[in-house]
Structures are given as C-alpha cells and as structure tokens.
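The structure appears below as structure tokens.
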2 protein chains.
Amino acid sequence: MTTRTSDDTPARRNTTPGPERSGGANLADVARLAGVSRATASRVLAGRAAGKAASHARVLAAAQELGYVVNGLARSMMGVGRRSIAFVSSMMVGPTFASMAGGAEDVATANGHLFTMCTTGGDIDREAALIEALTEQRVAAVLLVGATPPTEEFEQRAERYAETLGRVGAQLILCGRAALPHLPQIASIDYDHRGGVRSAVEHLAGLGHRRIAFIGSLDDTTTSSQRFLGYQDGLADAGIPLDEEMTVRSGNTSDDAATATQAFIATHPDATAIVCQTDIMAVGVCRALHASGISIPGDVSVVGFDDMQLVADLTPSLTTVRAPFHDVGELAGRIAVGEAYTGPIVLPSELVVRGSSGPVRA
Amino acid sequence: MTTRTSDDTPARRNTTPGPERSGGANLADVARLAGVSRATASRVLAGRAAGKAASHARVLAAAQELGYVVNGLARSMMGVGRRSIAFVSSMMVGPTFASMAGGAEDVATANGHLFTMCTTGGDIDREAALIEALTEQRVAAVLLVGATPPTEEFEQRAERYAETLGRVGAQLILCGRAALPHLPQIASIDYDHRGGVRSAVEHLAGLGHRRIAFIGSLDDTTTSSQRFLGYQDGLADAGIPLDEEMTVRSGNTSDDAATATQAFIATHPDATAIVCQTDIMAVGVCRALHASGISIPGDVSVVGFDDMQLVADLTPSLTTVRAPFHDVGELAGRIAVGEAYTGPIVLPSELVVRGSSGPVRA
DNA sequence: TTGTACGCGTTATCAC
DNA sequence: GTGATAACGCGTACAA
C-alpha cells in the first residue's frame, strides 16, 4: 500500500488516520502502460475522445488491467466531479423519513448526484459537526428534515448552517419544516400539518363529537405547534369552544401516550374522541383505551397523523392523516439539483378514514 | 457568488455539471490576508502550531473574516482527511435497518468518521452504480446490509464489489448477511436467524403444539432460507416430522401474508400455530385470522421475527424473535474503522414471549 | 489526434 | 517559528 519499497504486506494497518494517500493505479499509470500521455488517457476514459484511434483500445485495456478507479476527489476539485446531496434528520425511523428520502433520492440519482442520508440522533452538537463536515466535503445541498426544538434558537442555527454552506456554494433546504419568517432565503418544502389536523377534527365534529381531546407533545417544535393550531382551527370551524381540559401533554413514544391517556380518561370520562399528534402516540392511546375496557370507536374515536404502514393493521384500523412525504422529498430534491426556488411550498394533507373513528355514542 | 465579472446575478444556474471549482476563500487567501505563508496558515488552522506567535492570531482572524472553510477534498487527497463509512441497504425502512445503522454510526462518529446511509431500492444496477460512486469518492468502508437475492449471482457481485473497493484500500463488510463460503476475506457480521426461529418452534412445541406451520417467502435469500432451516431444526428437536403441507409461501408484505393465510387455514384447519418469517408477515397473518373469526392464541398461536416496535401493540401483542441489530451494526462499525477482522461473527437472537402464543387448544 | 504545461487546495519536508 | 517547494490525481487550454 503505502510502502513502495519491497514486497512486504503489512496487513491492514489498524490505525486509520485518514484516507490512503494513493489507493491503486492512477491516471499516470494507465497512460504509461498504454504508452500515451495523461491527457489522452483522460480523454478516452471520460469518453470525450472523438474518433477511435488505436491508442483508445490500449488505454481502455490498460485501465482494465490495472483496475483503475478514477479519483472522484480529484475530479471534484476540478469542478467536474459528481455532486452529492445530503439528507439530514434526527433519526432514520418510520416511513415518514423513508418516504421523504425516497422522493429526494429519486430526483438526485436521476440527475446523476450521489444521495446520502445522515442522522444526528437529535443532538445539536452532532448536527452542527455533521453539517460542518459535509460543507468541508463540498456537498451540493443539505436537506434538513423534521421537527426541531425551540424556534428562536433554531432560526439562528439554521442561519449559521445556511451561511456556512453558502460559502462553498451549497444550499440549505428545509424539508417537512416550515419556512423561517426572518430568513426567506432558506428554501422550505413542507406539508400541511395544520390543515391535516383541522380536517380530522372536522371529520369528528361531523360525526357528532363535541368533546374532542388533543394529545400531543405540545413543545416548541413547529410540528407540534402547527398540529395543535390545526386542532384549534377545527374546533373553531365546528363552533366548539377550546377547553384546556381537553388538551393532553405527552412524550413522543407510544408508552408515554398510553400513560397520559390512562390518566386523562380517568378524570375526563366525557371525552368521546381523541386526536393524536402522531400515529405512534395514537397507538399508545388505543392501547390504554383497550386496557381500560373502552371500545374504539364505540366509546371513543381515535385519529392519528402520518399514516404509518402498520396502523392500518391495528384493531380497529386507525383513521389518520396522510401527508405527501414522498412529494415533499421530491420537490426538495428538485431544488437541490438546481431548480429555482421561488418561495416556500406547503403541500396539502389528506384524511384517511378507517375504523377507529365513528359516530359519537348516544 | 459565481459571478466574477459584473453585477449580474444569473440566479442559480439550473445546469449543475459538478461541484463549483472554488467555493470561497482558500488557504492562500487566508495566508495572504494574514501576511504569512500557506504552510504557516495550514499549521495554525490545523492546530499543529506549537507556541503562540503573533501571526497565529492574524491567521485565525483572517480565516474568520474570509469565512474560510477547509477543503476536505484536498485534505483527503493528501491522505489526512476525514474518512467516510457508507451504509448501503435496499430500503431504509423499519427498525431493523435503523438499529443496525445506529450501532455502526455510534462507532463511526466516535472515531471521527463521516457516516452516511444510501439506498438502492433493491435495484441491482443502482447498487452497483452506488458502490462504484462510493469507491470513486474514496470511501473507507461499505456496510452492505440486508437480504439479497440468488446466492450464486450475489456471490459474484459481492466479489466484484470487494475487489473494486479493495483497489482504493476500502473494505466491504456484510451486515446482517451470512459470510460467503467461497469468499472468507469478505467480512461478515450476522445474527442468528436460524437459532431464533428454532427457539420459536421449541417454545411452541413446549406449549403442546404439534401442527406448526411456517409462512415465509421461501426464496433464495439467505435470510429466508436460514429462517426456514431454523423451523426445520425446531421441528426436529421436538420430534415432529416436517410436513410440506405446513409450509406456506408468501410475498413479503402483510397483505401477501394475509392472502396466503386465508387460503392456508381454509384447507388446513388442523394447524394450531404459525411461525412467520417476519413481523410484517405476522401482522398480515393475524389480520387474516381475525377476519376468519379465529382467536389468537386461543385457536392459533402466532410468532414473528424482528421485534418491530409496533408489534408489541397489536392485539394480542406479538410473540417474536428479537435480533441484536444494534450490536451487529456496532461490530461492523468497528471493523470499518480499522479493527481487525478475525472471521465471521454470528450474534445470538432472543425469543420474546408475548400474548400471541399460548397452550395448544384441547 | 496527441502532448505540454499549468491549476485546483492542501499538507509534509526540509531548510533557515 | 517560518517559508519555499514538492507531492497528491485530475482536467484542460494551448500548441504541435
């Protein structure tokens, strides 16, 4: 490898300080073996050679024999390499992220870009370090996706990210995250959290429900606040006054939601419907209701959000809001590959009515 | 931005042929502004400078002012850049992949490597192109994860991948995939598919079951064949002869499994337990049984494989096999960052008994 | 059609 | 401590 001296093969050295300086054969080796200059070899290998001189075959054969792999790093330094687009989220779990990533990936690969996904585990320091690293690596665009903690702090953070990326000609794109009011230059492709929950509440009101609860994390993320606003919208549409007693705060896991529900229904037996911030939480809500002998939707209707694959298989199957995750990713991908960004986009959500919601009990 | 000429701002040009040749300020710019040589600037910026000369502050200030971002591509070409590890799977869905990726990522980031995930959508051509691209990008290691179609063809493919990667000093690591018999030099970290299903069958046999069915894709992937072998092992342990009639072939989705189950139970009402190749399929099996008025586990016990988060919330909660996905990823990550590979590793699986399995009906 | 010479941005080496 | 120079691997304007 690194040793150019003799035939000793020092196995693979365990200490990996960095990329090996020179992996195998390079362009000069190929040119030498083919008996041409590097320029000629370069032209042939890049398919930029016009006619078909005899030397072409020799170059190709030499490359084949030497196992030549073009150095993408060097190409990128020249400004002709493959660009890469990074999809950054806190966790890569659930069909939500998978769909968004899929949409973006389709566009990216179709345009010859390298599409990669990275996670931060919700750790802000890791997120910052990751974006710094991606910037150094000269990424073309970063798709920052998902809910993010406190708005004010995030806005500053996003501005730093965008600025850093901008220094190398890269772009920050918010994905499934509302545009930042003070930073319109940062692209945003989002879906309609608010309208989705709103239609869920309207659906329930249409079934005769009046005591409709909302369970959510109620933290400062745009996701949860937008969805909570949708709940308020829906109530307003139906002429139902907002009752603080009908809002339940819970963690994001199904276990948290189950615990919170248990306590809620014990003190509020008059609730006939529960709107959940996420499907995950809805699962916990259903579990708690079952455990308490409350029938769904006979006694209480339940509605979720996200339309995860498995919630259709719950008993009863879950009524939920389906968001156009794939489309969000696709649009974001388009911006990432160079399509002009003309302003924030918000895609509509759609209510999927299944078995967990029904007429209010008599 | 890109314009060095006048004040015209041609928006962002839609045609992105490659990375911008030079984003912003480079090391020479910083050195010039600080009034030192590139060498000095480099040393200061990399924290390799010994004392604290006055020039240090000037270099730092210049870098700050110019918004200097070190070019990781150039660093990599020198052999001192950050290495990256790629996690390649067909689809990034389900806790299976997420856990594996998480384990590997922990190790990778702890060692200062850049960890990225890429998907192929199950398309072999895309997979090949992806690995080619990663090789060109001088990745340090590729973690190839998940079930893969026909064994013979895959073996050749894996060999090509390993060879290509090897040319640039990179490594191919199979993750959640059995070692290839003829290619022991390709690292493999796997979990015990076979033993997991075996313990599931033993569990059922211990509950008195004798007519135990297996539903699986029964294709040529190692995953499905290993799990089917585990089924046979379990039967043998319990002294139950293998009955071809008790093996059901189905697609990988829950819908497929539901359809197959519907047909199966109609013709084989004597089955008292069903072992499923995956949790996803188990979900479909349970749905079909419910639809036919068959109680779980009263009439038929069901066991899955993977221990996905949501299956604990099914009614009844699913008895399943939990595989150490996180540990698999972690071990693979260790190899990727340079730990010596001493041979294939197979981590044990664990049966998680829940509500969907019970004593055989009288 | 082919070869020469240079540039890309960084780091290591070796003098001073 | 610092500076000039070579090296990394590649693309390309320019000359032949």
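Each chain gets a letter, A, B and so on, in the order its sequence line appears, and its residues count up from 1.
- Atoms CZ (Arg43(A)) and P (dG3(C)) sit 8 Å apart, rounded to a whole Å.
- Separating the CZ atom of Arg138(A) from the P atom of dC8(C) is a distance of 14 Å, rounded to the nearest angstrom.
- In this structure, His56(A) atom NE2 and dG3(C) atom C1' are separated by 14 Å, rounded to whole Å.
- The heavy-atom pair separating Phe115(A) from Cys118(B) by the smallest distance is O-SG, 3.7 Å.
- When the nearest nucleotides of DNA chain C are assigned to Ala39(A) and Ala28(B) by heavy-atom distance, the more 5′-ward of the two goes with Ala39(A).
- Judged by distance alone, with hydrogens and angles left aside, the side-chain atoms of Ser76(A) form a donor-acceptor pair with the main-chain N or O of Gly72(A) at under 3.5 Å.
- Contact check, Ser42(A) against dG11(D): a side-chain N or O comes under 4.0 Å of OP1 or OP2.
- Taking atom CG of Asn71(A) as the reference point, atom P of dC8(D) lies 12 Å away to the nearest angstrom.
- For Val80(A), the side-chain atoms get nearest to dG11(D) when compared with the rest of dG3(C), dA7(D), dG11(D).
- Nucleotide dG11(D) holds its P atom 8 Å from the CE atom of Met78(A), rounded to whole Å.
- Distance CG (Leu73(B)) to C1' (dG9(C)): 10 Å, rounded to an integer number of Å.
- Positionally, the nearest nucleotide of DNA chain C for Val44(A) lies more toward the 5' end than for the other of Ala74(B) and Val44(A).
- The side chain of Ser55(A) places an N or O atom within less than 4.0 Å of a non-bridging phosphate oxygen (OP1 or OP2) of dT2(C).
- With Arg58(A) contributing its side chain and Ala34(A) its backbone, the two residues share a donor-acceptor pair below 3.5 Å.
- Leu165(B) and Leu172(B) make their closest contact through CD1-CB, 3.9 Å (heavy atoms, listed as atom of the first residue, atom of the second, distance).
- At a threshold of 4.0 angstrom between heavy atoms, the contacts of Leu27(B) include nucleobase atoms, whether or not backbone atoms are also involved.
- Applying the 4.0 Å criterion to OP1 and OP2 of dT2(D), one finds that Thr40(B) has every side-chain N and O outside that range.
- Distance, Arg75(B) CZ to dA12(C) C1': 13 Å, rounded to whole Å.
- The two atoms that bring Ile335(B) and Ala187(B) nearest to each other are CG2-CB, 4.4 Å, heavy atoms only.
- Whole-Å rounding puts the Arg38(A) CZ to dT1(C) P distance at 21 Å.
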